[in-house]
Amino acid sequence: MAEQYKSLHPVKYYRDYLSHNIRPDGRVFDTFRPVILNTGSIDTADGSALSKLGQTTVVCGIKAELCKPKAESPNKGFVVPNLDLPPLCSPKFRPGPPSDQAQVLSQLINDIIENSQCIDLTDLCIFPDKLAWCLYIDFICLDFDGSVVDACIIALVGALKTVKLPFVDYDAALDNIQVNLENTRPLPVHSIPVSTTFAIFDDKIILADPTVEEENLCTGIIVIVLKDDELCCVHKPGGSPLSSDELLGCIEKSKKKVPLMRDLLKTALQDVG
Amino acid sequence: MPIDHKRINGPEDTLPYQLFTKLNRKSLEQKYKELVQDGKRHDSRAPLEHRKIFMKTGVVSQAKGSAYIEVEKTKVMVSVFDPREIPNRQDYSLKGEIYCEFKFAPFSCEKRRLHQLDAEEKQYSQIMKKALEATVCRHEFPNFQVDIYALVLHNDGSALSAAITAAGLALSHAGVPMYDLITSATLGIQKDTILIDPTTIEERICRTPFWKEKEDNEHGLVVLSMLHTHNQVAQFYQSGSISLDKLPHLIETLEKACADTIPVIQQCLVKHVIKTIKKSSNVIEV
Amino acid sequence: MGLSEAEKTYVLHGVEENLRVDGRDREEYRPMELETDVVSHAFGSARLRLANTDVLVAVKIEVDAPFPERPYEGKLEFFVDCSFSSMITWVLNKMKPQMASSPMNSHMASKKMLAKERTIKMISMDIGLPSSSANATPNFEGRGGEVLAAEISNCLSSAYCSSLSFDLTKLCILQGKKCWKLYVDILILECGGNLFDAISIAVKVALRNTQVPRVKCIDMDGNNVEISVCHDMFDCQRLNVENAPVMVTVCKIGDKCIVDPDVAEEQCSVGSVVVAVSGNRFSTVLQTGMGSLHPLTLVDCLKMGHKVGQKLDEAVKEVLKESLRGGDVGFIK
Amino acid sequence: MSKKELLSKIGLRLDGRRAHELRRIRCKLGVFTEPDGSAYMEQGLTKVLAAVYGPHQVRGSKSKAHHDNCLINCQFSMAVFSTTDRKKRPRGDRKSTELSMHLQQALESVIKTELYPWSQIDVYVEVLHADGGIYPTCVNAATLALIDAGIPIKEYVCACTASLANNDVPMVDISHQEEVMGGPTLTIAALPMSGKIVLMEMSQRFHLDHLDKVMNKALQGCKDIRQILDAAVRLHVRDIGSATGWALTSYNE
Amino acid sequence: MSQKFHIRLASQRVNTNIAENRRYPKIFTPGETITQQHEFMRGHGTYEDNGELKSSVAGVREQVNNLISVKPLKSRYNGEVGDIVVGRITEVQQKRWKVDTNARLDSILLLSSVNLPGGELRRRSVEDEHMMRQYLQEDDLISAEVQSVHSDGTLSLHTRSLRYGKLGQGVLLKVFPSLIKRSKTHFHNLPVGASVILGNNGFIWICPVINNSEDSVGGFVQNLEEVVPLQERETIGRIRNCIKALAMCKMMLYDTSILYAYEESLKYSIAELLVPEAMIDVAILTQHRLSIIEV
């Protein structure tokens with residue numbers, strides 16, 4: 001019976017729940033869904049991780065390739081992040097070129113990587129102006145159930161921690177490259193960004209870590225990214241306005257999430273060693 | 001390569017670093033010997049032994065039916081969406097349609113794959129569509145189309161047959177009417193060693209003919225999908241160069257390999273049914 | 001252009017009696033007409049008319065860099081364009097692969113057929129519905145042709161990929177740096193069924209009379225390479241197409257297999273197998289069409305395809321022996 | 001070496017023709033069995049195939065059908081091997097869409113579309129070998145294919161190119177070499193008998209007083225082409241008519 | 001299994017037109033003026049242009065008292081009332097079927113212009129409409145008669161006689177409508193043991209001899225089980241190839257020409273009739289015999 005009522009009047013269904021300040025899946029307004037992280041499971045990729053935020057699943061693979069650095073930044077490598085929302089993860093997406101949502105989120109993740117400086121591009125340079133690394137970071141969402149950016153960022157950090165770059169010696173005279181697979185060095189990760197998504201429901205109720213139904217029904221989304229409890233980026237694409245203290249409240253709540261993520265990462269990386 | 005404006009593009013000409021590693025100068029003779037050493041392959045399997053298979057249904061909450069398969073390292077994810085109106089079709093068609101898409105993840109293979117479907121992926125999509133069209137009772141949903149999407153997360157050989165088997169499971173998990181369970185197996189042959197369920201290295205060896213002049217320089221890959229109870233071949237694809245008298249024997253070995261994977265699927269589906277019954281039964285009790 | 005039930009049954013019984021609608025037996029081809037050097041811009045070209053299937057193939061050559069992972073080999077690329085014959089896209093659109101009766105009846109029909117099965121062969125019952133050569137659901141012009149074109153070019157490239165059928169190392173000019181790239185462009189002018197066979201023969205003949213310019217000298221400075229080709233137009237090498245594959249489409253109608261199906265027979269076929277025969281080997285086998293086959297039937301199809309493929313290859317070679325400069329016949333005569 | 005003039009002193013062009021001479025034209029009607037009408041046209045080295053399907057029921061979305069006249073749908077495509085360097089795609093680029101539009105306009109001006117309401121005529125043109133004057137050859141081939149299909153047209157629509165050599169002598173039927181080296185080219189599609197011009201296109205600038213000289217030369221070219229096409233059609237009709245024993249003339253019960 | 005392949009080079013292509021150079025009437029091509037006078041009526045293939053009557057197709061002039069028309073060699077079938085046609089069902093719609101008859105537009109077969117099984121004449125009920133797909137469904141072949149021609153040219157067909165209805169087992173051939181000679185009857189039971197329906201729209205149906213005794217009630221019954229004996233199948237195959245040969249050489253198709261072609265083709269096996277040389281030979285011999293009886 002609940003199913004039909006939910007599909008007939010979704011918004012009313014939600015309002016009844018929220019009036020008793022509980023959500024249909026039993027969470028209170030600002031509890032987060034359980035997070036699962038698995039790293040290094042794909043050995044054809046140089047670094048890989050799979051993160052599961054409730055039902056939302058994202059796999060992140062990093063492939064390193066050699067390229068010539070740009071003339072204007074000779075000692076910098078490249079980082080090329082792309083989020084792919086394939087038709088596999090939700091009936092909303094059709095096959096073919098990436099949807100607008102995928103493009104917006106890719107650009108957001110690109111900005112987060114740049115602002116948080118979790119990777120220093122100069123570490124990717126092998127020989128100035130001649131040879132540098134180009135890291136292709138590909139996120140693929142396997143199950144689209146809301147707050148995809150949070151899952152992507154967790155997977156990003158997990159994958160970056162497992163990247164192993166082989167040692168490359170390049171002698172400029174002969175312009176010959178010699179890659180030695182035996183000794184590989186990990187990629188230094190300078191900071192750990194943590195992102196949290198909030199949904200604004202009927203302009204007043206703020207739900208943390210919304211599911212896809214909540215995202216569809218809500219009137220505004222806000223993504224807050226923290227870097228070791230410094231604010232790194234806030235993304236609020238329109239929707240219902242938010243007063244400043246509500247915004248600060250959200251930032252406080254997302255601060256609570258940072259230590260959780262840090263020791264989740266520690267445990268995940270322990271067994272990978 | 002035309003620039004893809006809808007994605008973030010890196011520099012044009014990037015080269016995989018594997019090209020610059022020191023090439024291990026093993027002669028073909030040497031590589032062929034290493035294929036099977038005293039009855040054991042490099043991952044200590046017998047030549048006709050299939051890798052262990054792990055399968056799970058209901059991995060994608062948003063899809064009507066979904067399945068995940070792990071053949072040791074090869075990992076494939078399939079999701080099935082229930083029938084919807086066929087796009088831009090005017091006249092009434094008595095048969096339902098199947099739309100299939102097979103995709104390698106960019107990081108799944110040795111060499112990075114692009115986001116757009118390349119020729120090989122389009123061919124695999126067509127082969128998979130052919131296999132599933134022979135399995136699904138398409139007259140049950142006239143004028144509608146079922147979408148099936150397969151994504152290879154990690155390719156360590158025989159990704160296509162893993163995808164077809166997982167697609168069969170995902171379809172039955174989604175409740176699409178089917179004649180029979182479908183399973184698929186791959187076989188690589190080089191000279192006279194036959195390898196069931198080859199890994200990427202073995203696949204690469206089987207793709208190249210080692211001895212040009214020698215007489216029995218057979219080599220190639222064969223993918224076969226079977227409808228088990230009706231004992232029907234749903235799809236057959238062979239590439240390379242194999243003689244006529246060897247093929248029937250290869251088909252029998254593949255038949256047997258397909259039959260061995262049936263119990264895994266049945267067990268998976270039974271688990272799924274029990275779970276749904278339990279879920280609906282405790283709803284009634286409460 | 002679909003077929004009614006009665007016509008399909010008539011074709012089915014005809015194949016059973018080994019006397020097809022146009023009087024051919026199961027392993028007989030319709031008359032063919034072959035012509036070489038039709039396109040003057042191309043390095044090699046051929047046109048084949050198999051009854052009312054009309055295919056034009058031209059081979060062009062360009063200098064290119066080999067793939068990094070296969071530095072010793074040249075490149076070969078197939079391109080199929082079938083928009084000229086709107087019949088294809090119209091046929092695809094109309095040819096809804098359905099036997100009006102539900103599959104249960106197809107059991108009945110084939111069971112009844114089997115009841116009269118005199119041979120001792122194990123009862124081979126094929127579930128499945130009559131197939132069509134392509135089962136796309138196109139809109140009128142755009143997509144229909146592309147799916148068929150992709151299927152054909154994929155089948156061709158997998159047939160030519162083994163170097164036992166076609167040796168690409170001969171196309172390498174300078175290992176790792178420069179090689180010849182062969183573009184094989186196929187233009188389908190008219191579709192009268194059995195496209196795979198017609199195209200594979202035309203491609204083989206076109207490659208046979210392709211003239212690869214002879215490379216006189218290669219000089220390297222730094223890493224850019226100049227190649228100079230000898231001026232005399234006629235001093236050039238020929239490609240070795242001895243083992244180039246010839247494809248045979250074996251269609252299963254009722255319980256028997258036929259070769260060279262026309263459009264009507266393609267619609268009644270339960271399942272079909274495209275067999276690429278190169279020398280005495282199979283270079284590619286692809287099961288097309290909608291239905292499924294019994295393993296024993298599959299092996300029969302392979303045997304028949306192999307036998308017919310070799311004979312067809314012989315016949316084409318023999319015709320080409322006396323192929324003199326046929327004079328500019330083209331479409332005029 | 002001074003730029004090779006297009007016209008030698010004694011009035012011969014690069015390929016040995018006089019200024020007013022057309023290239024050799026060879027054509028044949030009814031080359032295919034499947035389409036309703038088909039034709040093959042050779043103008044010099046430019047070779048074109050044309051096929052006509054229809055008039056038939058509008059396929060695809062019914063909304064496109066017109067209630068009072070017939071929908072004409074042209075597809076112009078150049079075979080990938082038709083030019084010296086291989087084209088990436090046979091059609092879909094701007095040039096071939098533009099030529100399809102021009103072809104459609106030329107044919108629409110001639111076909112009596114009001115006779116076929118709710119229906120559609122498809123014209124497919126494929127260039128097998130391109131050596132200059134592609135568009136005119138396609139228009140002439142399409143006209144022959146329409147006649148072969150028995151579709152009523154007001155009169156032949158013929159097209160021809162003309163250009164200026166050493167900027168005073170007008171030349172007709174420009175080959176690829178002359179197109180590349182020579183001056184501005186004028187392409188005209190016209191109804192030769194009534195003298196009406198259906199489509200005119202210039203590649204570069206023309207001086208005004210040269211214009212009418214070149215235009216008359218092109219019109220004259222169209223008239224000559226019409227003669228040749230007419231002769232070919234009569235031959236074709238005579239062959240087939242006599243084969244069918246001219247039963248068409250009387251209803252012998 | 002005879003495995004001969006007939007592959008030959010284009011240079012050995014055989015010229016397929018067999019026109020003897022007898023005197024031929026004046027041919028008109030599009031744009032040519034037929035006459036200046038005004039009292040003539042304008043028929044098919046002509047148009048009025050500032051006072052002159054001009055031809056719009058390539059063909060020969062036909063005049064019936066003062067109606068001038070020019071008939072093209074090949075064109076789509078434009079139907080006349082009373083014509084016998086063979087058609088294929090393309091769509092099942094509300095109370096009617098759409099039929100492809102090689103005409104400009106799909107023809108219409110109303111539910112009311114078909115006699116239902118059981119043959120009794122009654123009003124069409126709603127459940128008749130639901131049963132329509134049982135009577136005739138997509139891709140079924142019917143023989144019918146043109147009942148009327150609508151303003152925009154669509155033909156309305158009817159099958160209200162025992163001869164018409166759904167066609168059973170047999171072979172369909174498609175030729176240009178102008179090759180079918182108009183004659184009194186288009187249903188022929190050829191003495192050689194097969195029957196042919198020469199549809200005016202260019203669709204020719206060849207099937208085993210239908211003895212009219214068996215009551216084909218409105219023609220919706222068709223047995224899929226009965227196997228056509230080999231003997232009749234050979235005759236049908238030979239007739240099919242002969243008609244293909246005559247059509248290739250653009251010869252008129254009517255019962256006598258088909259019979260002569262059948263007799264001439266006996267010296268070839270059925271499969272050999274597919275070879276162009278054999279087709280030309282049969283066509284020329286038939287033309288010769290026809291010209292004898294005509295003169």
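For the residue pair D:Gly150 and E:Val57, the shortest heavy atom distance occurs at O-CG1, 3.7 Å.
If you take CE on D:Met193 and CG on E:Asp49, they are separated by 9.5 Å, rounding to the nearest 0.5 Å. Here the CG-CD1 distance, from E:Leu73 to D:Ile240, works out to 5.5 Å after rounding to the nearest 0.5 Å. If you take CD1 on E:Ile27 and NE2 on D:His236, they are separated by 10.5 Å, rounding to the nearest 0.5 Å. The CD atom of D:Gln57 sits 4.0 Å away from the CG atom of E:Asp106 when rounded to the nearest 0.5 Å.
More than 12 heavy atoms of other residues, nucleotides or ligands lie within 6.0 Å of NE2 in E:His6, so this atom counts as buried by the packing criterion. Heavy-atom neighbours of D:His176 NE2 from other residues, nucleotides or ligands within 6.0 Å: at or below the threshold of 12. Counting non-hydrogen atoms of other residues, nucleotides and ligands closer than 6.0 Å to NE2 of E:His150 gives a total above 12.
Only the backbone of E:Ser55 has a heavy atom closer than 4.5 Å to any heavy atom of chain D. Only the backbone of E:Ala103 has a heavy atom closer than 4.5 Å to any heavy atom of chain D. Interface residue D:Ile151: only backbone heavy atoms are found under 4.5 Å from chain E. Only the side chain of E:Leu179 comes within less than 4.5 Å of a heavy atom of chain D; its backbone N, CA, C and O stay farther away. Of the atoms belonging to D:Ile147, it is side-chain heavy atoms, and not backbone ones, that fall under 4.5 Å from chain E.
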Going by atom type alone, with no hydrogens or angles, which donor-acceptor pairs under 3.5 Å involve a side-chain atom of residues 216-223 of chain D and a protein atom two or more places apart or on another chain?
unit_1	atom_1	unit_2	atom_2	d
D:Asn216	ND2	D:Asp212	O	3.2
D:Gln220	NE2	D:Asp224	OD1	2.8

Worksheet item: Under the side-chain contact (heavy atoms from CB on, under 4.5 Å) criterion, do D:His56 and E:Asn102 qualify, and how do the steps go?
Response: CA-CA 8 Å; D:His56 56 72; E:Asn102 194 18; over 6 Å; no

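Within residues 105-119 of chain D, the residues that have a heavy atom under 4.5 Å from a heavy atom of chain E are D:Lys112, D:Leu115, D:Tyr116, D:Pro117, D:Trp118, D:Ser119, listed by number.
Among D:Thr143, D:Asp36, D:Val233, D:Ile121, the residue with the largest count of heavy-atom pairs under 4.5 Å with chain E is D:Asp36.
Residue pairs meeting the salt bridge (Lys or Arg N to Asp or Glu O under 4.0 Å) criterion with at least one member in residues 142-162 of chain D, sequence neighbours excluded: D:Asp148-E:Lys74.
At a threshold of 4.5 Å between non-hydrogen side-chain atoms, the residues D:Pro152 and E:Tyr47 do not count as touching.
Looking at D:Arg234 and E:Glu32, a side-chain N of the basic residue comes within less than 4.0 Å of a carboxylate O on the acidic one, giving a salt bridge.
Scanning for side-chain hydrogen bond (donor to acceptor under 3.5 Å, both in side chains) contacts around E:Tyr254 gives an empty result, with sequence neighbours left out.
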